[in-house]
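To start, the structure under review is shown below, and the notes come after it.
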Amino acid sequence: MRRSVALALTAIAAVLVALALGACGGSDDDNSSTGSTGESASTGSATSEAKSFEGQKVTFWIMNNGPHPVEDTEKILEPFEQETGIDVDVQLVGWDVQFDRIRNAAVSGEGPDVTQAGTTQVPFFAALGGFEDLSSRVEDIGGESAYAPGIWGTSQVAGQDGVWGIPWFTEARTIYYRSDALEEAGVDPATAFTDLESMRATLEALKDVKEIGGKKIMPFGMPGKKAFDLVHNVMPFVWDEGGQELTDDNTKSAINSPEAVRGVKYIADLFPEGLADPSMLERDGTQVENQFKGGRLAVWIGGPWVLSSIDREDDTNWSDAARENTGVAPMPKGPTGEANTFVGGSNLMMFKSSDVKDAAWELIKYLSQDDVQTEYAELLGMFPARLQPQEALGQQNEDLAAFYEAIQTGRSYAPIPQWGQIENAYKTRFGNILDAAAGLGGEKYSEAVIQSQLDEAAKEADALLAQSAG
Amino acid sequence: MASIDTVTTSSGPAVPPDPPAQAGRARPRRGHGWRRDRFAYALIAPAVLFMVAIHLLPTLGGGVLAFKNLNTFTFSQLFGAPWAGLRNFEAILFDDANPLHNGFLNAAGNTAVYTVVTVAGVLIGGLLIALLLNREFPGQRIVRTLMLAPWVVPSFVVAVLWGFMWQSDVGIVNKVLVDYTGLLDDRPVWLLGPNSLWAIIIPSIWRGLPFCMLIFLAGLQAVPKELHEAAAIDGAGPIRRFFYITLPLLRPLIAVQLLIQVIYAAYQFTIPWIMLGTNPGEHADLLMTLIVRQSFSNNLFGFGAAASVIVMLAMSLWVVVWLAAFRRDLETQR
Amino acid sequence: MTRRRATNWGLNALTYLVLIVMLAPIGWLILSSLQTNGALSSGEYDVFSPTFEAFSGMWKSVDFGHYFANSLIICGAAALFATLFAASAGYALARFRFRGHRAYSLTVIGTQLIPGSLFLLPLFIGFIWLRQNTPISLYDTRIGMILVYTAFFTPVAIYFMRSFFQAIPRDLEDAAMVDGCSRFGAFVRIVLPNAAPGLVATFIYAFLFAWDELLFVQALTESRAETIPIGIHNFIAGYAQEYAQLMAAGVVSTVPVIVAFYATQRWLVRGMTAGAVKG
């Protein structure tokens, strides 16, 4: 009995040792998290320039851009792969982990050749030192003049020369609403969201529309601190009231100014007044998005990709009522008369550790071509980052025009390396405020709570800004 | 009184051992022969090598990092980052203006509450269930075996499952509390606010109970029946018998479980991280989630290392306190 | 007489009630994995017509097979090496009062006091340094994780194994050595086979701990060597929130350890309760 146990042990041991050794013997490569990679068929009509890239492999990290990110991207890249013979390995890295991954890759030297990164993250990554300065190559794609100034700014880092990320696609947030809910509430969509007061009045009216088609519906919903983009949702209201995230010279936090407090108060007050659904705070951004699509919210703030998913049959999150009755409107104006929104998007960065830099640049070049920009952006429901295709798309219809306008007037954050951490600090504090407002925070909600949380946020941000290399 | 062998509970630190000596018989002293020792050294060599290379050296490295200014700007220098002296420690422990200080104190408070409640729950619950199972009843073997199941479920599955169960609108907990039994009128929110600490405590108790129960059950079964019978004859009721016979005999076991469960709870990471996200909120942020978040998401590695050192010192203090309180129990086990 | 009967009956009922409450969450996990996404997000379960679509879909929407394989290989190999080292060191501690045995014991226990966050980053830095200065690449590799896990779980395994050795009477080895066997020979040929169930139990014990581990794999892997605790998050991290598949993945992740546990339950329990029973 015991001997056979020992024998069995030995056998298992042998198998496992073999597996372990086999595992470290180079089979790590074939465990990419994607399915098929592009074909590297070379057509006879390859130009002599493309021939030099034949068979090279470029690893490309992307994030969750749409419901089928990897498939969509591979589809776009097919012509590129055929023409140049480059094999692009598209790998998906979720938004929740991409920050750590990219940082680790930059520092460890082990990573892809090209990666997508959020526009607000470029300065941080560039400061790490693992990325290639693309300023010498950028003329190939038209240089600075091919992009709107605000968007070009996302490729730069304050205090550091060079071009670090090539803008890929752009998005801006607007108001989404259910036209059928507005109709029932007796609100005219044309004036429902012109400014902060009318938006509030609209939500008040929507409070009486408790359900549509037998489904419970709440006026407004937004995610809480679990959402990676919480700050993007709250800042527009701060900006509307004239507040800022940092002082103009980016040396101190300005998030606890009276204007900023007013802005945060506007959105937080929606909770105790029953205008916003508290259970949404438990969820992250995508989950709340799906709640809107599923018909549980009448008003929501989101990006252009949601609009284009209406037509995608394979997106099953949409309820029929929601799919047919969704409209978009620009963000409301503040007392200053300006309508503010967050403009984001993604850029492409090249790793210094890449040994196929020229091929990687070919990939970036290809993705920056006007027609490819348009095609990819349309597929995802985003906007191209380049000026001309962006303009062209904005002229297509009314809804897209609303987004285009938002992009032109939208704002982003200071291009400093510490921004990612500051955003994290703000996110925590905004989350706490919203929790308190919804009655979940353990402290009774009042304006004093907002002020104290924002004071803490400012303290944290100042400490982060004071970080130095010394 | 029956002698209980050296207590070893292997899910963590155990009592420093001596090889069991045969009671009574005088053995010829085998002696510390050099050849014997060499053989022993050879035996422990591989384990020692790994321990030093992957555990101890990096820990020293971590200790060094606690004194360095390792952040976003200096990260690429790794160990060459500039020296920061005691600045990190000062910031964490004393600097009121520093947000890291508040975060640390907050997490320490949460962790303390979490630890006390979870350990109490595990120990008391484990003991109670062990008492319950220490009888003859139909299906006892199956029940004892099945009762261990929660411990085998991996922590990350526990976190995912309970995170799902705690959802305020569609989660089963609220459904039972509000819809099915009507115990409560409002649907409490578990994953946010002060309740979020309970949201992690309860699954922790659920998962940790069985291990404790197992140990206590074995201990209970080791109590000689004659002791209880004799006491019963003398007129002692079950409660008195429990407090005067059972509990003292179980004390060494309880002591060891107390030690390791406290350490395990204080270092808890997986359950809040997976259930509540990288920032569990100011009510459920534990020390380990705070440290990992500040280190990896905010790149404040110097802070993370310093905070880890402080936590380790605190745990060492706990061990010292524990030794002082329970040394007697260790001694009686020869 | 009837009163005792009633108490007994009451206690039995209580026991089963407690069991049901303890097992209820697991039952809920299984039930949830057999629902559709729609049912899960609305909370209306369809108890009587279960569907297995979550179990089939989970392998496609997330590369779960990759994570599962990684977990099996990394945890299995690490548990194996940990057991081997632990057998060796545990035997030494069980049998020999060698010079420094106290210090060694204390150090082994002491390793459990070190928070993972303290040596994570230096390990990461160490891996990077190796890659930059030697041909050895450990970051985000299975072998790197195996090494880390082996080192991390050996101490736990040592104490577990030691109790099994203590239960084997010395006379066996003594007799063998009298017959001319070397110390090492006695160890390998007499003691180990006798301790074989203990070896298996130690292996499973270490495997259980490794299967559970999140902190290290989160920091030291990127894409190639990730294990289930990391991968399981992907079901709800993306565009589509696959809750049913998440539950199914939970079930699938639990099955190996439940099977391993219950298959070796007798010896595992013996090891875990070693100190509680009379010597």
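Order of the sequence lines fixes the chain letters, A, B, ..., with proteins taken first and strands second; residue numbering starts at 1 for each chain. FYI, side chains are in, hydrogens and waters are out, and symmetry mates aren't considered; it's all heavy atoms of this structure.
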Tell me, for A:V107 versus chain C, whether the close heavy atoms (under 4.5 Å) come from the side chain, the backbone, both or neither. both
Tell me, side chain or backbone of C:T83 under 4.5 Å from chain A's heavy atoms, or both, or neither? neither
Which bit of C:Y243 is near chain A, if near means a heavy-atom gap under 4.5 Å: side chain, backbone, both or neither? side chain
Answer with side chain, backbone, both or neither: which region of C:F124 has an atom nearer than 4.5 Å to a non-hydrogen atom of chain A? side chain
Heavy-atom pairs under 4.5 Å with chain A are the metric here; pick the option from C:K60, C:R131, C:E226 that has the most. C:R131
With a 4.5 angstrom heavy-atom cut-off, is it the side chain or the backbone of A:N104 that approaches chain C, or both, or neither? both
Side chain, backbone, both or neither: which part of C:I230 has an atom under 4.5 Å from a heavy atom of chain A? side chain
Within this structure, what is the CZ-OG1 distance for the pair A:R101 and C:T221, rounded to the nearest 0.5 Å? 6.5 Å
Applying side chain to side chain donor-acceptor pair (under 3.5 Å), name anything that partners A:W168, two or more places apart in sequence or on another chain. none
Check side chain to side chain contact (heavy atoms under 4.5 Å, CB included) between A:D277 and all other residues, then give those that pass, not counting sequence neighbours. A:M218, A:S279, A:M280, A:L297
Show the nearest heavy-atom pair for residues A:G111 and C:E222, with the distance to one decimal. CA-OE1, 4.2 Å
Surrounding CG of A:D320 (heavy atoms of other residues, nucleotides or ligands, distance under 6.0 Å), is the total greater than 12? no
Could you tell me which portion of C:A195 (side chain, backbone, both or neither) has an atom closer than 4.5 angstrom to a non-hydrogen atom of chain A? neither
